[in-house]
Structures are given as C-alpha cells and as structure tokens.
Number of protein chains: 4
Amino acid sequence: MVPGNRFERRKQRTRQDILRAAERVLADKGLFDAKIADIAEEADIGVGTVYLHFQTKEALTEAVVEDTVTRLKDTVDRARASVESVVDKVRVSTQALCRFAHANRAVFRVVFGRGGGYHDIVRRAQTMFAADIERTLAEGVAQGVFRVGSAALAAQALVGMSTQLLAWWAEQDTTSIDEVEATITHLTLHGVGRTDEGV
Amino acid sequence: MVPGNRFERRKQRTRQDILRAAERVLADKGLFDAKIADIAEEADIGVGTVYLHFQTKEALTEAVVEDTVTRLKDTVDRARASVESVVDKVRVSTQALCRFAHANRAVFRVVFGRGGGYHDIVRRAQTMFAADIERTLAEGVAQGVFRVGSAALAAQALVGMSTQLLAWWAEQDTTSIDEVEATITHLTLHGVGRTDEGV
Amino acid sequence: MVPGNRFERRKQRTRQDILRAAERVLADKGLFDAKIADIAEEADIGVGTVYLHFQTKEALTEAVVEDTVTRLKDTVDRARASVESVVDKVRVSTQALCRFAHANRAVFRVVFGRGGGYHDIVRRAQTMFAADIERTLAEGVAQGVFRVGSAALAAQALVGMSTQLLAWWAEQDTTSIDEVEATITHLTLHGVGRTDEGV
Amino acid sequence: MVPGNRFERRKQRTRQDILRAAERVLADKGLFDAKIADIAEEADIGVGTVYLHFQTKEALTEAVVEDTVTRLKDTVDRARASVESVVDKVRVSTQALCRFAHANRAVFRVVFGRGGGYHDIVRRAQTMFAADIERTLAEGVAQGVFRVGSAALAAQALVGMSTQLLAWWAEQDTTSIDEVEATITHLTLHGVGRTDEGV
DNA sequence: TATGAATGAGGTTTCATTCAT
DNA sequence: TATGAATGAAACCTCATTCAT
C-alpha cells in the first residue's frame, strides 16, 4: 500500500538481479576480467543501474563475496550447533561445507578459487572459520579426544585444506562431492596414518 | 671470452635483474596492481628493455612464477629422493617446503598467496606436487603404512593444506616456521585424532 | 476558488520552491558542480518533478539567473527614476545595486561571481545595465557634468567594476557593504584623482 | 650530446604543443565544454600523451591559466617598474595590460572572460594585481596626488573594471584596443566627473 | 641492446533525462 | 501532478605495448 514499499521492493529485486548476474559473470570470466558492462548485460539492465545499487565495482564484488560468505557461515554454524561431540562437529561442519559448495559451485569457485583470496573479505572469512574450528579443536584436546600442537595453526591448516580441495573440485567434473567430503573428514580426523594398528 | 658470450652474459644478467625486481614489486603490490613501469623502475632500466626480455607482461609474471616453482620443485624432489621410507618422504618434503618458504617469503606469498591461483602455472604446479605426493601415498598404502580413500584426492588436499598454511604464515609475523612445519607434518600423518589410545 | 486556480497555485508554489532550492545549491556548489538531484533533494521533491516545471537543467539555471536579474533591474530602474540629476542617478543606482547585493548575497555570487559570465543571460543583463548607464552618461555629457571619451565603453567599464567588486565582496566577510558603495560611487564620479586641487 | 637532454627537449616541445592547443580549444569551446580528446586532436597527439604531461584535466587548464597569468604579471611589473610617478605607473600598467590582451586575445578571453573566475588561480591572480595597485594607490595618496577611501577596495574595483572591460572587448570586434586603454586610464584617474571646472 | 615518450583501446564512473507507476 | 528507479551516452583516465633514436 505504501508507495515507498513498492519502490523499495522493486529496487531490492533489481539489486538481487545484479548480484546473481555478477555471480554468473564472475564465475565465468574470473574476478579481474569481469567488466561492469558484462554484468549489466547479463542482468539485462543499463550500466548506470549497477551504480545506483553499488558505489563502485569493488563494492559490487565485495557484496557478492560477502553474500556468499555470510550464507556459508550461517549454514556451517547451524550444522555445528546441531550436534554435541567434537568429532560430530567436525563431521557435520565438513558435510555442511561440502553441500554448500555443491549447491553453489560457480560462486564457490569465485570466492575460494583462483583470485578469491585477493579480497580482504575472503581472508577475514577464513579467519572466522578458523576461529570456530580452533575452538572445537581446543575443546577436543581438553576432552582428550584430539591431539594437536597448536590449535590455532591446525585450524588454519584445516580451513586451507578444505577450501583448496573444494576449489579444485569445483573446477573439474570427475570427482563426486561425497568422495571429497569423505577425504576431508578422514584426513582431518586421522591424517594419512593407519589408526587400526592395534586391531 | 668470445664477445658473443660477454653480450650473452650481460643479457642474462639484465634478465635476472628484471626477474628479481618483478618478485619484489609483485610481492609488494600484488599480482594485479603491479605495473610494468613499476618493475622497470625497480630494476632501474627502461620500460622498453623489459620487452626485450619478455614478450608480454603475462610472460614476465609467468617467468617469475615458473622460476620459483622450478626451484621449489627441485628442492622438494631432492629432499624426497634422499630418504627411503614413505613416512620419511612426507617428513623431509614438508621440511624442504617450509625451508623454501622461509627463504623465499616474499615470492612465496606472490605465487601461493592471494591471487596466486589465478595463474594456470600455479595450478599446474600444484598438480605436479600433488602427483608426487599421490605416488608416495599409494606406495605407503601398498606397504600398509598409510590408509586413505583416494590417494589422488588426499594428495590434492595435502598440497592445499600446506600451501595455504604457508601463505597465511608468510603474511604475518607471529608464528615460527618450525611450528608450521610441525603442524603440517603432524596433521598429514595423524590428523587431529589421538593415535595413542591403546598406549 | 475555482479548482483550476488551486492546482495552479500549488504548481506555482512548487516552482518557487525549486527556484529557491536551486539558488541555495548553486550558491553552495557553483554553477557546474550543482546536480539536478541535489536541487531536487534541497527542495524536498522528486527529480522528475523538476522536469515538470523546467524543460532542462539549462532552463532552470537560466530561470534562476533571469529571476535575479529581473528583480535587480526593477530595483535599479525604480531608484534611477526617483531622482532627476545625472549625478543623483549614479548615486542612487549604485546604492540600489549594493543594497540588492546585500539582500541577495548568495544568489548574487552565483550570477555575477565565478562562472556567472558563462551564461548568455548574464552577459545580456550586463549589456542591459550598461545601456541604461550609457544613457545617463550621455545625458551627463550633454549637460556638461560628465566627461568621457566613449559613453558606451565607459558604461561597460562601470558595470564591470561594480559587479566584480560586489562579487568579490560577496565571497568574503571583512568589508561592510557601505564601504563598497562609497568606493564605487567615488571611483565612478572622480576616479582616483584629486578633484579639489583648486579649492 | 647527453641523451637525457635530447629526450628532455622533445618532451618539453610536446608539452608546449599541448599548452598551445589547449589555449586554442579552451578559447573556442570554453572552459567546461573543452574535452581532453579535443585538445589531443588539436595538438595532433594521443590522449594518453596529455596525461604524460599533466596529471589531470584540471592540472592542464590550471597550467594554461597560470602560464598566461605569469606572463601577464611579468609584463605589467616591468612596465610599472620603468616609470617613477604614480600617475605614470597607472598609465603604463594599463597600457601593458591592454597590449597583452591585444596580443593574447583568445587566451585572455578564456582566463578573464566567461567562466575564468571559476578557477582559484584567476582569483589569486586578481588578488596579486590588486595588491600591486593598492600599493601604488597608497603611495599616491601619501603624495597627495590620489584620493581614495580605501586603497584596498579601490584596487579591487579597478582590477575588476579593467579585466571585465577587456574580456568584453575580446568577445567583439567593433572597438579598438586604444579606445579601451584610453577609457580605462581616464576612468581610473578621473572617473566620469569633469575635472576642469575651474579652468 | 637500451631507452622512455608516445599511443589508443578499453575500462570505470557520472548525471541529465525519461517513463512506468 | 508527483515520484525515483532506470537509462546510456559520453567523459576521464590507465597502462600494456610500440618505436624512433
């Protein structure tokens, strides 16, 4: 009823159109070869309209990245909160991460793949994820379930491993996401070493 | 002695000057904000001279990356060849990688850090490293020392873990390279799990 | 009373709102940095509404200038008509000009200050003022009261002197308008020369 | 002989080419409708070359204005220094100003005409000229030759009168520069009043 | 071989104007 | 009549590459 709402709704829809178009174009051309004109054309709007919604090209790409990172963090946080044991936390957060990558393959490639780390926001995101994992690791160590030298370093390493492997996976077509999930989970919990020695 | 040789030597020296200058500028400004003019100035030569040695900017950055990757691969290969057991191969190649990162901090940041994966050559390098590790893993599995689902996936994951952690380390100043090495080795062999349960 | 009148009155009021807002914005940002969007916001209306009242940006700024020039000319004309002698005409028209500048400082700065002469309308206005002054000068010369080489040139020069000095005055805060008036009047009638030599 | 000199000479020649082309284009199209591309074409060079010599469009127009103002000030200063009496100083500096305007008609129109005052540098220049004149006026007053209320205000007014009249003259073709000079000199010394009353 | 001024295609960004509601 | 999101032409500026010296 209120006119402001109608305008506002339309504006928000256009904003979402731009974000989705940007995701597609960025995934297609990469973070540095994507031109604003390409994105505008993909969204089927004028170039000026992009600047009505985002102050600079930088701001647009940051919005794409931030949008993705926020959704991913929500997903992983919810998964982690749904279980109790630290081992389960590792399992389900890995599962959530892989499922997200599977459902958002193109944009995942943009954000965590080639050139993704170029943006501060990705680094901040990795730091956030690492902080969460560090807490779980510390808890596991306290419970005598985990053993790591430095929880902080280990967390950083595990985030690196997961994102790199998923970025690699997202670039090719020969591996199922389930295999990736199994690999991450197994390496995280046991590394490459045998754990059945006494069996 | 022959004049041709003297010219050739001078030419090679200039080429090396450019490569070293490029490493510094790339590390300083990043892969996309580094201008050819910056590199020429850092090398204290004219811009035109750069184009006498490298056909395009792309060729120059690839040369920087390739130079680094080649030296790194030599180092790791030699280390790996110096020992027999698969566990030792993991240990010494991790050690070699970390020492190289320590000795080539700036350029390591360029090649494996933010935006590094943007270049095909880095991806090819990661694939090469992964292939070597995959062979070691397969050998270890055959010996009953290692246990992994897919050696190929695990190798990719371990390369990702190592390079990401080292890239992170190279950006900051609070962690010693030895801690990093210990973390990578431990996670690779055991993950975060306890392996002394029966002890 | 008639509906048409009410609409008409409202329309005229909006038009005046836009003109006043334009004066403020133009004075604030200058003739070339003032955006239509700025003016619309200052007037608290939509940008589209501006175009219901003025066909182009040019038309709006011309309206601002013309409005000011018209009011100024009315004021000066009335003053000039109120006295008889040519010397008094000089005195009172200078006085009227200064009082107008004092009462319309911001818009005076726009119209006669920096960049003002960019618009044809200002040049036409100066020509109109100059024509009036020229007539007074010619009359004074005929009466043997004034002595000038070319009344046309002198008129142009006097208009330039007055508007420039007032534009300068309008930009700063250290001089009273009365001093300015005295200066213009004195220079117009006597220049910098002593006129009391024989006294 | 020294290569640097040859490069430097060529560079300076291009710089001058650009400045001259800019003067022509600015005079032709005005300070705000002149595009960098127009100037580059007029100078018969690439657009990039303009930016090799001037950091921004603003810097280029400032250079044009500053160049003109500097030459003008030199001319007037030299003229003023060549005579002793304050009345002669008024005469010869007016003469120098008019001759400069005559010899640099197009660029004079740019700098002191429509839109010229938009640039700070023009305002600063007017202030400098006014300061010189103020000193002469004060000297004349001390000698009992001149009579003004405020030397500062009078100086500002006289600068305004001269530049405005010359800008007007530069726009049209019907008046000789000598008439303009005579008018400025006469108005400056005597205003419009008769000074021969007692004769 | 070395130089660095010159080039110009191509990118980002602005803003007067339009038009569907 | 009023609105403000949308438009796109056109401007500024960058920088990899060339070329005359």
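All values below were derived from every heavy atom in this structure, side-chain atoms included, with hydrogens, water molecules and symmetry-related copies excluded. Chain identifiers are assigned alphabetically (A, B, ...) following the order of the sequence lines, protein sequences preceding nucleic acid strands; residue numbering begins at 1 within each chain.
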Going through the distances and angles, do C/V50 and C/I45 end up as a side-chain contact (heavy atoms from CB on, under 4.5 Å)?
CA-CA 8 Å; C/V50 174; C/I45 57 167; 3.9 Å; yes
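- Phosphate proximity of F/dA6 to A/T14: present, with a side-chain N or O under 4.0 Å from OP1 or OP2.
- Among the nucleotides F/dA16, E/dA2, E/dT17, the one closest to the side chain of B/K57 is F/dA16.
- Among F/dA16, E/dA5, F/dT1, the nucleotide with an atom closest to any side-chain atom of B/K35 is F/dA16.
- To the nearest angstrom, C1' of E/dT12 lies 16 Å from CG of A/L52.
- Atom CG of residue D/L52 and atom CD1 of residue D/I18 lie 8.0 Å apart, to the nearest 0.5 angstrom.
- Both D/A34 and C/G46 lie close to DNA chain F; mapped to their nearest nucleotides by heavy-atom distance, the more 5′-ward contact belongs to C/G46.
- Distance CZ (B/F32) to C1' (F/dT14): 17 Å, rounded to an integer number of Å.
- With F/dA6, E/dT3, E/dA16 as the choices, the nucleotide that has an atom nearest any side-chain atom of C/I36 turns out to be E/dA16.
- Screening residues 57-70 of chain B for salt bridge (charged side-chain N to carboxylate O under 4.0 Å, His left out), with sequence neighbours left out, gives B/R20-B/D67, B/D67-B/R71.
- Following rounding to the nearest Å, D/R10 (CZ) and E/dA6 (P) show an atom-to-atom distance of 7 Å.
- Across the protein-nucleic acid pair, A/L60 atom CG and E/dT12 atom P stand 11 Å apart, rounded to whole Å.
- Checking E/dG11, F/dA6, E/dG4 against every side-chain atom of B/V47, the shortest atom distance belongs to E/dG4.
- As a whole-Å value, the separation of B/D33 CG from F/dT14 C1' is 12 Å.
- Atom CG in A/L26 sits 7.0 Å away from atom CG in A/L60 (nearest 0.5 Å).
- A straight line from NE2 of A/H53 to C1' of F/dT7 spans 12 Å, rounded to a whole angstrom.
- Interatomic distance, CD of A/E42 versus CZ of A/R24, reported as 4.0 Å (0.5 Å rounding).
- Between B/G48 and C/V50, the one whose closest nucleotide on DNA chain F sits nearer the 5' end is C/V50.
- Closest to the D/Y51 side chain, of the nucleotides F/dA6, F/dT14, F/dT17, is F/dT14.
- Residue D/T56 has its side chain nearest to F/dC13 when only E/dA16, F/dC13, E/dT1 are considered.
- Of the two residues near DNA chain E, C/A37 and A/A37, the one whose nearest nucleotide lies more 5' is A/A37.
- The CZ atom of D/F54 sits 18 Å away from the C1' atom of F/dT14 (whole-angstrom rounding).
- Residue D/T49 has no polar side-chain atom (N or O) positioned under 4.0 Å from OP1 or OP2 of E/dA5.
- With both pairing distances under 3.5 Å, F/dT17 is matched to E/dA6 as a Watson-Crick or G-U wobble pair.
- One can place CD1 of A/I45 at 20 Å from P of F/dG4, the figure rounded to the nearest angstrom.
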